[in-house]
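A short worksheet on the structure shown next.
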Amino acid sequence: MSNKIVVFSCSWDGWSCIDAAANAGMPYPASVTVIKLPCLSGIDAGLILRALEYGADGVLLLGCQPHECRHGRYGKNIEIEFDKARQLLSLLGESSDRVRLARLDAFDGGGFIETVKSFSAALEDKARVTASTGNKS
Amino acid sequence: MNMQEIIRQTRAHFCLDCGKCTAVCPVNRFDPGFSPRLIVQKALSNEGGAYDDARIWSCVGCNMCTVRCNYNVSYVEMIRHLRMLSRENGTELVYSHGGVTESVMHMMGKDDIKQDRSGWLPADIQVKSPGDTAFFVGCAPYFDTIFKDLNVKLTDGTIGAMRLLNMAGIPFDLLDNERCCGHDLLLAGDSNGFVALGRNNVEELGARGIRKIITSCPECYYTLKVDYPRYVDGWNVEVIHITEVPEIFKLKGAAMKKIRAAFHDSCKLGRHFKMYDGTRNLLTSLAGAELCEMENNRENSLCCGASPWMFCGSVNKQIQDERLRQADATGADYMVTSCPKCQIHLTCAGMSGDGKYAGIKIVDLYHLAAQSLAQKDG
Amino acid sequence: MAKDHFKCLRCGITYELEADPDGKLKERICPKCKSNSVRKLKAQ
Amino acid sequence: MEEDNIRVGVFVCECGMNIAGTVDCEAVKESAAKIPGVVVSVKNKYTCADPGQEEIKRLIREHNLNRIVVASCSPRMHESTFRNCISQAGVNPYLLEMANIREHCSWVHLHEKTAATEKAADIVGIAVAKAKLLQPVEETRIPVTHAALVIGGGVAGIQAALDLADSGHKVYLVEKQPSIGGIMAQLDKTFPTMDCSICVLGPKMMDAGKHRNIELMAYSEVVKVNGYIGNYKVTVNKKARFVDEKECNSCGECAVVCPVIVPDEFQHGFASRKAAYIPFPQAVPASHIIDMKNCLGNNPVRCNKCVGVCEKHCIDLNMEDKLVELNVGVIIVCTGMDVYDPRALDEYGYTRFHNVITTMEFERLICGGGPTQGNLLRPTDHKVPKRIGFIQCVGSRTVNRGNPYCSNVCCMNTIKDSLLIKEHYAGTEIYVFYMDIRAYGKGFEDLYRRSKEEGVHYIRGFPGEVTEDPVTRNIKVRVENTTTCLVENYELDMLVLSVGLQPDSELKKLSNLLNVSLTSDGFMMEAHPKLKPVDAPTPGIFFAGSVEAPKDIKDSVTQAGAAVSRSSIILNADIIKGDGVKAVIDNSKCTSCGVCAKVCPYNALEVDIKAKSGAKVIMAACAGCGACSAECRFDAITIRGFMDDQIMSQIDSALAVNPQNKIVSFLCNWCSYAASDVAGISRMQYPANNRFIRVMCSARVTEKFLWHAFELGAPLVLLSGCHIGDCHYITANHSTQKRADRMWDAMEKLGIRPERLQLEWISAAEGPRFVEIMQELEKLRGKVTKEEIEHTQKALAEREKEKAKAA
């Protein structure tokens with residue numbers, strides 16, 4: 001698994017999951033880069049696309065459950081921007097699944113590992129499909 | 001290009017230092033520190049280091065200065081070259097909108113993408129494929145997504161333009177994989193990004209045998225007509241603006257209830273090309289509107305306040321506010337634009353601030369015209 | 001923009017200039033060797 | 001053409017060691033002696049000195065010589081000396097040919113004595129070849145009509161007319177307007193002395209009106225000009241003024257009863273006048289005029305009030321325009337200029353805001369004789385403005401709506417205006433928006449300083465646009481003060497646009513009538529910008545005042561004096577002598593095709609294409625450039641002193657021996673030949689393989705000459721003349737460029753490399769460039785192979801054969 005994944009994580013529950021995974025000694029691939037932000041509501045479609053433009057295969061947005069948001073934003077903004085990014089990706093002819101939004105409860109280290117792994121696998125599948133169809137055409 | 005060549009090409013050495021440019025500059029109105037004259041003078045000085053002056057990023061490219069200049073010094077071109085130099089020297093840009101437009105343009109510049117370029121297209125639009133004439137859509141579909149929160153529907157304008165062409169019996173093809181023209185990257189000094197888009201457009205047009213392009217977007221028109229021949233290898237396509245298609249004006253409109261419309265000139269179509277009448281004719285004869293000129297109109301028209309998705313700050317907002325005030329003062333029902341970006345910027349300005357001008361309805365010219373014709377038919 | 005094509009008959013280089021819309025006769029000077037033996041080539 | 005009894009004398013000059021130091025003069029003398037037709041060949045230490053000249057005269061007598069070749073220095077140096085010399089011995093001065101073995105040989109090949117001697121012998125041979133074919137030439141003699149025409153009655157025209165008339169010449173002064181006076185009559189005061197304009201001009205106008213040598217033709221226009229220096233025939237349309245100007249005593253009764261009221265153009269529309277009116281009180285002729293465009297008299301129901309009230313019965317509403325023909329020797333053009341119309345520059349609001357006026361309108365507003373009796377009132381509310389702004393350079397120094405040049409008078413005019421305002425209304429705030437104040441003349445800087453002392457604000461920077469307060473009708477400007485770099489806002493009661501000057505709108509028409517050129521600015525072009533500043537390139541036409549460039553009054557008057565002085569040279573002579581080098585038509589060959597007339601820069605050829613009566617040369621107008629001769633496809637035109645056969649035999653002689661080593665160069669007399677002399681005088685060295693043939697203008701060089709050189713095996717031919725724009729014959733060298741283009745095309749078609757015909761423009765100052773070109777040519781010559789020359793000769797022979805067949 002060598003997919004480059006950028007994780008934008010909020011500094012609250014999102015980060016706590018990553019922390020928990022580390023404390024429990026649960027490994028995840030070295031090709032995953034984590035960037036910590038105060039809150040996912042500060043992210044816009046531009047930032048997501050920029051990560052992809054710069055070579056990321058996938059972008060994972062990791063945050064709290066909406067009702068847990070410490071900043072009282074309830075994740076509305078991130079949903080709008082997440083949608084925008086997905087739509088722009090389809091306009092560009094790219095798979096909108098290259099962006100994934102995950103909301104985890106605090107300290108769910110296993111959940112984080114699970115999410116990263118399934119995201120990576122999904123990206124892998126997609127890439128294989130694209131490559132094979134690409135060969136045919 | 002080095003400073004000497006830039007000076008020669010932009011005729012900057014003719015600068016008489018008279019200050020007319022600064023006196024009419026819309027940015028200077030709200031930011032007294034910004035002076036086109038001083039930028040040119042700095043470029044002309046021995047140091048020639050005008051490109052590291054942060055002020056070069058404030059210019060909105062409205063061309064008012066050049067129109068007034070005794071020697072037609074091309075300030076906008078000067079600014080663009082300075083921005084290129086500045087970026088070559090490592091300047092990192094601050095984009096508005098989180099840089100989403102820049103990323104989209106960069107991703108469009110990749111060779112192996114396969115865009116969804118027709119998902120938004122209504123079924124009634126007739127496309128003649130293959131053909132030697134293409135309608136250049138521009139970035140309206142992307143803008144619809146990016147500026148969803150503003151509730152603008154920029155594709156309405158392009159669809160309107162295509163309907164007009166359909167009604168006038170002008171056949172056109174659409175490109176499956178049309179790239180952004182690159183206007184904003186070029187004006188922001190990103191020549192690599194621009195050339196990547198240009199190269200892909202040339203390939204696409206060549207593969208489809210397109211000899212002629214019709215477009216309704218003023219910036220696409222300018223870029224394809226003026227910048228592509230200069231900077232893109234292998235460009236050999238005739239470019240016309242939709243208001244240069246005579247058949248359009250033979251259509252009969254004006255069935256709608258008479259509306260009063262304040263027309264906002266785009267800088268590119270207006271001051272750059274001096275095309276003031278075609279759009280107005282469309283508005284009055286096809287859309288059947290009564291034209292209400294704003295205080296600043298035609299050559300003196302005020303810019304929508306922002307150009308290549310950079311530096312949207314208080315100065316830009318004040319320019320936009322002033323423009324909305326002028327539209328409001330006419331008492332018109334609509335403020336009509338012919339440029340998707342003017343529509344975005346003015347709509348945004350109307351929604352922000354104290355909401356004084358939130359009531360101004362800003363619509364696209366071609367949308368309005370096509371609607372009026374459709375109602376007559378129906 | 002229409003271009004006129006020129007060839008210098010001394011040093012051999014060819015170059016082009018924007019055509020003067022008035023068609024006024026102007027002195028031709030080779031940009032390389034400064035010769036006036038510059039032939040205007042027929043449009044291809 | 002060669003006569004049987006041609007007897008050539010060759011005089012080889014050693015010029016001390018100047019020639020003899022490099023060239024073996026004895027050998028040159030000997031080789032000349034062997035040329036058929038040469039009767040004597042001698043050498044002399046200094047041929048130009050008295051003993052040398054005496055020897056020429058003696059040998060002419062002793063040997064009955066009738067053609068003289070002097071091999072010495074450049075003809076530009078001593079041709080006239082030797083022409084004098086031989087005419088004293090009874091030989092026509094045009095039967096002399098000079099062989100330039102100094103500047104063209106001994107001085108430029110100092111280190112190649114053998115080659116130099118060989119070349120000198122060739123140069124003499126070429127000269128003898130031409131000399132044998134020389135024909136006597138008579139100088140043209142043109143009688144002069146002793147009268148002058150002055151077109152335009154502004155201050156320059158008035159001054160020119162008065163000066164000429166005072167020196168005893170008959171003058172016709174033609175003025176388009178009903179009165180003379182021009183723009184100066186409309187000004188209030190003049191700078192830098194602040195004199196009252198009409199007070200100083202008025203008496204001069206009266207003098208011009210009364211002078212017994214001046215025939216004043218006001219309200220008249222030149223409609224046709226024929227002829228040439230000394231003999232111009234001019235047709236003038238004397239427009240009907242419907243009042244007998246000689247009888248009218250300007251009592252003004254007609255104006256009193258006239259019911260028609262129209263804007264008064266003299267007051268720039270700030271006042272009104274009647275259809276029967278006098279342009280202004282001081283008008284000359286002091287006569288009323290009926291403005292027929294507005295007069296009711298032409299209506300079926302006639303008004304006729306003025307006719308009835310005129311006690312002297314000098315009004316005749318049926319008067320008609322009259323064409324008058326004048327014969328004059330010279331023409332002085334003084335038609336002045338127009339004032340820039342600021343309507344195009346609408347950002348300054350001239351069309352939209354009443355309180356924005358021009359400087360000309362300001363003159364009338366501040367003038368005691370103006371519509372407000374000198375009370376400065378602003379147009380909207382007739383109140384005295386307290387804050388007045390001036391914008392300088394309106395329509396000047398711009399390529400963007402306006403003119404690219406500096407209009408010369410506007411800075412000083414504004415300074416003067418500012419002082420006038422301060423004089424009348426001391427408390428007025430005055431702001432002058434400028435980019436440079438150009439106060440270059442005598443007393444100008446003083447006036448500028450006084451204006452600053454009076455507290456006039458000079459702000460460096462132009463407003464970009466002007467707006468009006470809809471309530472107060474005040475004018476608001478926003479301007480970047482470019483010295484402080486701050487944008488400032490001003491509210492003004494009145495704004496004056498300091499408009500520039502531009503060529504008279506009808507100057508183009510007049511320039512066509514007169515066959516004179518205009519510069520790119522649209523003003524008159526001088527024959528020489530430094531040395532003939534008041535002469536038109538066409539002889540006998542002069543100009544003065546703003547018709548040549550924007551000027552103030554003093555400069556206009558100065559120029560009028562200069563034009564009079566230049567004209568007097570012609571008017572004081574009974575006969576003017578012309579150079580003998582002129583075009584001659586062989587009417588048996590002329591087909592009246594008209595090509596010659598088209599290329600003549602002087603309009604010196606008349607061809608009636610329909611009548612097929614053959615071309616005619618107007619000797620006085622012909623300058624002898626030869627463009628016509630070279631363009632004539634029927635060999636029907638030749639140039640005296642530079643006949644076809646003379647030049648052909650020079651080419652023969654130049655290429656008689658070892659043609660493959662030689663380069664034939666045609667040099668024009670004025671530029672490239674002069675440059676070759678400079679190279680010689682400066683002892684610049686270049687290869688000795690060049691053979692020069694002098695022509696008056698590169699335009700004289702026929703294609704035939706060039707083909708002939710190639711036929712004879714010339715590897716390389718140079719065609720050279722003055723730079724484009726500097727041609728001594730106005731635009732004759734344009735024909736040269738076009739001919740070179742045709743030659744290159746034709747050469748290519750025949751498989752001859754176009755590179756073998758070189759074209760260079762070399763000015764008289766470009767000695768070093770001349771040498772560089774000589775060196776480059778020698779390199780190019782080296783690349784031409786023997787086979788190539790043979791191939792060329794074969795191709796040309798084929799071409800001849802085919803031509804003969806076709807014929």
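Within every chain, numbering begins at 1; the chains are lettered A, B, ... in the order of the sequence lines, protein sequences first and strands thereafter.
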Side chain / backbone / both / neither for B/Asn28 at chain D, heavy atoms under 4.5 Å: both
For chain B, which residues of residues 494-507 of chain D have heavy atoms nearer than 4.5 angstrom: none
Residue B/Arg68 versus chain D: region with a heavy atom under 4.5 Å: both
Side-chain (D/Asp521) to main-chain (D/Phe523) donor-acceptor, under 3.5 angstrom: no
Chain D contact via B/Gln41 - which portion, at a heavy-atom distance below 4.5 Å: neither
Side-chain ion pair, D/Arg450 and D/Glu445, N-O less than 4.0 Å: no
Short N-O contact, B/Arg260 and B/Glu290, less than 4.0 angstrom: yes
Proximal to chain B - members of residues 344-355 of chain D, heavy-atom separation under 4.5 Å: D/Glu347, D/Tyr348
Which atoms of B/Ser35 approach chain D - backbone, side chain, both or neither, heavy atom under 4.5 Å: side chain
Quiz item: cation-pi between D/Lys416 and D/Phe191, 6.0 Å / 45°: no
Interface moiety of B/Cys69 toward chain D, non-hydrogen atoms closer than 4.5 Å: backbone
The single option from D/Lys422, D/His457, D/Arg387 passing side-chain contact (heavy atoms from CB on, under 4.5 Å) against D/Ile430: D/Lys422
Close approach to chain B in residues 393-408 of chain D, criterion heavy atom under 4.5 Å: D/Ser396, D/Arg397, D/Thr398, D/Val399, D/Asn400, D/Arg401, D/Pro404
Contacts of type salt bridge (charged side-chain N to carboxylate O under 4.0 Å, His left out), residue D/Asp417, not counting sequence neighbours: none
Salt-bridge present (B/Arg325, B/Glu295; N to O < 4.0 Å): yes
Salt-bridge present (D/Arg473, D/Glu468; N to O < 4.0 Å): yes
Proximal component of B/Leu16, with respect to chain D [non-hydrogen, under 4.5 Å]: both
Salt-bridge criterion met for B/Asp227 and B/Arg80 (N-O under 4.0 Å): yes
Carboxylate-amine/guanidinium contact B/Asp17 D/Arg460, below 4.0 Å: yes
D/Arg343 atom CZ, over 12 foreign heavy atoms within 6.0 Å: no
